[in-house]
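Only this structure's heavy atoms are used, side chains among them; waters, hydrogens and symmetry mates stay out.
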Amino acid sequence: IDDCGECDGNGWDNCDYNENGITNYDEWGYGIWGAIVADVDNDQGGWVDLSFNKSFYDTDILRTVEIYTIQRWEEDHWTSLHSISAYADEVYYTIVMTAADSSSTTDGSTLFRVIANMDEGNFENNEEIWGYSVDNISPIVPTQMSASSTENNVTLSWNYEMESDFQYHQVTSLDDINYTTENNHDFVLGETAHQEHWVNAFDTHDNVSENSHSLMSKSLHSGANLSSFNVLPECTSLPCVFESMCSNSPNPTGVIGQGEAAIHLGNCVFQGSLSEIDPNSGYWIIMSENDVLLLMGEPTSRELAYTLQEGANLISYPFRYATVLEEAIPVDAQASISGIIGEGVAANNMNGNWMGSLSHLDGSNGYWFITSSDISLTFNGCDEQECASLSRQSQNLSTVPEGYEYKQSTTQAFYFIEDIENIEIGDWILSYNGDEVIGARAWTGDIIDIPTMGNDGSDYTKGYIESGAVPSFKILRGDELINL
C-alpha cells in the first residue's frame, strides 16, 4: 500500500495533495502542477515570473534528456518561448515573455502552457495558466523648468530625456489640463490673475512621473500689490525670487513686509532690512508698471504653523485654491480674529459672522490678520481641483465706473456700512479726500466695506487721505453724484 492508500500504487495517482477531494491524477495527470504567474517587479513590462511543481515522471537528477517547454497562446496557435532542463527539482522557476502588458485599455492576460517532455512521454498541464505583465517603472520627471513672458503671453519650457515608451506630457494648471508631446506650453495670464503650472510625463502604459517643479505666474499692476508666495525656489533671497523681472526692468521698485522693507536699485540689487522671502508672510510688492512675475520652485508646506501676535499680522495663505473664511480658518481661532484686510478688500468678524467684500483666502495673496490676543493656527484648504468648491472664483468685485478709478495704496482703511437711507442695489458708494476719489464699492444690499486709500508717500497716492483725517462719502447713481 502506497502513501495514497493504493495497493501497489505509485505514490501519486490516488493522492490528494491539495485536499480538495480530487485525486492528483484526475486533477493534474502527469504534467506540471501548481503553476504560479507573477509580474516581474520594477521593470517596463513584457515579462512574468513562472513557477511550477515538477512532473510525476521528473525523477532523474542532472540529465539533459528531459525538459520543460514553455509556450504562449497566440490567437490560433501555441508559440514556444523557451525550454529548461528537468533535473528532479521539486519546484522550477523561470522568466517568461508576455505578448502584451496590462494597461488601461487591455488587461494583457496571457495563456501559457508547460509541456513536460519526459522519457515516459510528453505531458501537458491540465489546469490553465494565466498571467499578465505590468510596466511599473514611472517615467523620468521633466527637469530644467524655465519660463518667459511677453506682456501676458507666457511660455513654459522644460527638458525631458526621451524614453522609448514615452506617450505625452500633461501640463496641469489651477483650472485646466493640457496635453503635449512637445517640451513647452504656451498660455495667456489674465491681467489680474495668478496661476500655477506643473508637468508630468506619461508612458504608453499610463505610468506617470512625479510632478515637475511648479511655475507660479502672477500679474502685478503698477502700484502696490499685496501678495504672498505658495511656490518658492530653494533660494528665497529677493534677487532669486524676483529674477524674472528685476534682471531686465526696474520692477519691483520696492518690497515691504511687516516691519521690514527693501528698495530695488536696479539689476536685482536690493537694499534694506528685508532680504529673504518667508513663506508665512505677506508683502506689498511695489511696481512702476504692469508686469508678470514668473517664479519656479516647489509648493510651500501646507502644514505651516502661523504664530500671530495681538494686533496686526501680515501673513500668507498656503493652499492653491481659494477657500471661504469659515472653512480656511480653524473654528477655535476665529473668535480671536476681529478682522482681515486684503488688497482693497476686508472682512469684519461680527459676532462670529464674517461681513465684507473679503469672503475667502487665496494662496498668492497677502492678508493683514487683526487679532485680539496671541494665537497659533494652521490653515485648512484645498490643493486639488476635485475639492475646489470655489474653483477659480476670485474676488470678482464689480469694475469701478470709468472716471472714478483709484490706485491701491499700502496704507488703507475700511468703513463697514450696514444701510443707507434710499440707497438702491447697484448704486456705488465712493470715498473722497477732498475732490480725490480714494475708494469705491457697489451696494449689494448687505453690509459692505468701503475702502479708503491713504497717502503712502508714492507718486500714485499723492492727494490721498492722511492719517487721522476723515473721508467724505458720496453715492453714484448712474451719472448722478449724491452727497452723504
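For the pair M355 and E418, the minimum side-chain heavy-atom distance is 4.5 Å or more. Contact annotation: the side chain of I129 never approaches that of W73 to less than 4.5 Å [non-hydrogen atoms, C-beta and beyond]. Taking 4.5 Å as the limit, every side-chain heavy atom of E298 sits out of range of all side-chain heavy atoms of L232. Taking 4.5 Å as the limit, some side-chain heavy atom of P299 sits within range of a side-chain heavy atom of E196. Residues L476 and Y404 have side chains in contact (heavy-atom distance under 4.5 Å, counting atoms from C-beta outward). Between V37 and L50 the shortest side-chain heavy-atom distance falls below 4.5 Å. Residues F414 and Q412 form a side-chain contact, since some pair of their non-hydrogen atoms from C-beta on lies under 4.5 Å apart. Looking only at side-chain heavy atoms (C-beta outward), V292 and M245 stay at 4.5 Å or farther from each other.
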Kindly indicate, with the supporting measurements, whether the criterion side-chain hydrogen bond (donor to acceptor under 3.5 Å, both in side chains) is fulfilled by N200 and N211.
CA-CA 5 Å; N200 301 92; N211 291 352; 2.8 Å; yes
Working for side-chain contact (heavy atoms from CB on, under 4.5 Å), residues V199 and L156:
CA-CA 10 Å; V199 183; L156 172 62; 4.1 Å; yes
Between D449 and N348, does the side-chain contact (heavy atoms from CB on, under 4.5 Å) criterion hold? Intermediate values first, please.
CA-CA 9 Å; D449 53 318; N348 195 13; over 6 Å; no
Go through the steps for H169 and F166 under the test ring-ring contact (aromatic ring centres under 6.0 Å, His included), then give the verdict.
CA-CA 9 Å; H169 289 119; F166 169 77; 4.8 Å; yes
Under the side-chain hydrogen bond (donor to acceptor under 3.5 Å, both in side chains) rule, what do S288 and N251 come out as? Steps first, then yes or no, please.
CA-CA 6 Å; S288 62; N251 285 317; 3.1 Å; yes
Checking side-chain hydrogen bond (donor to acceptor under 3.5 Å, both in side chains) for the pair S458/K407: CA distance, chi angles, key distance, verdict?
CA-CA 11 Å; S458 68; K407 283 289 187 180; over 6 Å; no
Could you please spell out the steps behind the side-chain contact (heavy atoms from CB on, under 4.5 Å) verdict for M97 and R72?
CA-CA 9 Å; M97 182 181 292; R72 182 181 69 207; 3.9 Å; yes
Stepwise, does the side-chain contact (heavy atoms from CB on, under 4.5 Å) test hold for V400 with V437?
CA-CA 11 Å; V400 176; V437 178; over 6 Å; no
Could you check N225 against S227 for side-chain hydrogen bond (donor to acceptor under 3.5 Å, both in side chains), going step by step and ending with a plain yes or no?
CA-CA 6 Å; N225 300 258; S227 302; 5.5 Å; no
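Note that CG of D39 and CG of D101 are 8.0 Å apart. Values are rounded to the nearest 0.5 Å. To the nearest 0.5 angstrom, Y132 atom OH is 12.0 Å from T98 atom OG1. Rounding to the nearest 0.5 Å places OH of Y179 at 5.5 Å from OH of Y168. From N365, atom CG reaches atom OH of Y317 across 11.5 Å, with rounding to the nearest 0.5 Å. Between L111 atom CG and E128 atom CD the span is 5.5 Å, to the nearest 0.5 Å. Considering OG of S472 and CG of L430, their distance stands at 9.5 Å, rounded to 0.5 Å.
Of the N and O atoms on the side chains of S219 and N152, at least one donor lies less than 3.5 Å from an acceptor on the other residue. Side-chain contact, D362 with H194: a donor N or O sits under 3.5 Å from an acceptor N or O. Of the N and O atoms on the side chains of T236 and E276, at least one donor lies less than 3.5 Å from an acceptor on the other residue. Between the side chains of E466 and N455, at least one donor N or O sits under 3.5 Å from an acceptor N or O. Remark: the N207 side chain and the Q44 side chain contain no N/O donor-acceptor pair separated by less than 3.5 Å. Looking only at atom types and distance, the side chain of T155 has no donor-acceptor partner in the side chain of N184 under 3.5 Å away. There is a side-chain donor-acceptor pair under 3.5 Å between T461 and D456.
At most 12 non-hydrogen atoms from other residues, nucleotides or ligands lie less than 6.0 angstrom from CD of E210. More than 12 heavy atoms of other residues, nucleotides or ligands sit less than 6.0 Å from atom CD of E74. Heavy atoms from other residues, nucleotides or ligands lying under 6.0 Å from CD of E405 number more than 12. For CG of D435, the number of neighbouring non-hydrogen atoms (other residues, nucleotides, ligands) closer than 6.0 Å is 12 at most.
Proximity of a side-chain donor or acceptor of Y460 to a complementary backbone N or O of Y406 within less than 3.5 Å is not detected. Under a 3.5 Å cut-off, the side chain of N267 and the backbone N or O of V269 do not form any donor-acceptor pair. The backbone N or O of L294 lies less than 3.5 Å from no partner atom in the side chain of S217, so there is not a single donor-acceptor pair. The main-chain N or O of T204 is never found under 3.5 Å from a side-chain atom of D165 such that the two would form a donor-acceptor pair. No donor-acceptor pair under 3.5 Å is formed between the side chain of N313 and the backbone N or O of W368. Judged purely by atom type and a 3.5 angstrom limit, D427 uses its side chain to pair as donor or acceptor with the backbone of E424. A donor-acceptor pair under 3.5 Å links the side-chain atoms of N380 to the main chain of E327, judged by distance alone. Judged by distance alone, with hydrogens and angles left aside, the side-chain atoms of D135 form a donor-acceptor pair with the main-chain N or O of I137 at under 3.5 Å. With hydrogens and angles ignored, the 3.5 Å screen pairs a side-chain donor or acceptor of Q258 with a backbone N or O of L314. Under a 3.5 Å cut-off, the side chain of T180 and the backbone N or O of N178 do not form any donor-acceptor pair.
Taking all atoms of both residues into account, the shortest heavy-atom contact from P471 to I438 is CB-CD1, 4.2 Å. Here the shortest heavy-atom pairing between D107 and S102 reads O-CB, 3.0 Å. Contact between I423 and R477 at its shortest, heavy atoms only, is CA-NH2, 3.9 Å. The two atoms that bring H360 and A322 nearest to each other are CD2-CB, 3.1 Å, heavy atoms only. Between S228 and S316 the shortest heavy-atom distance is CB-CB, 3.3 Å. Here the closest heavy-atom approach between residue Y306 and residue L304 is recorded as CD1-O, 3.5 Å.
In this structure, R320 is positioned above the aromatic face of W198, its NZ or CZ under 6.0 Å from the six-membered ring centre and within 45° of the axis.
Note: F187 and H197 have parallel aromatic rings, judged against thresholds of 30 and 60 degrees for the angle between ring planes. Between F270 and H264, the ring planes lie parallel to each other; the angle is under 30°, not in the 30° to 60° tilted range.
Proximity of the aromatic rings of F319 and F379 is defined here by a centroid distance below 6.0 angstrom, and this criterion is not met. You'll find the ring centres of F473 and Y415 inside the 6.0 Å limit.
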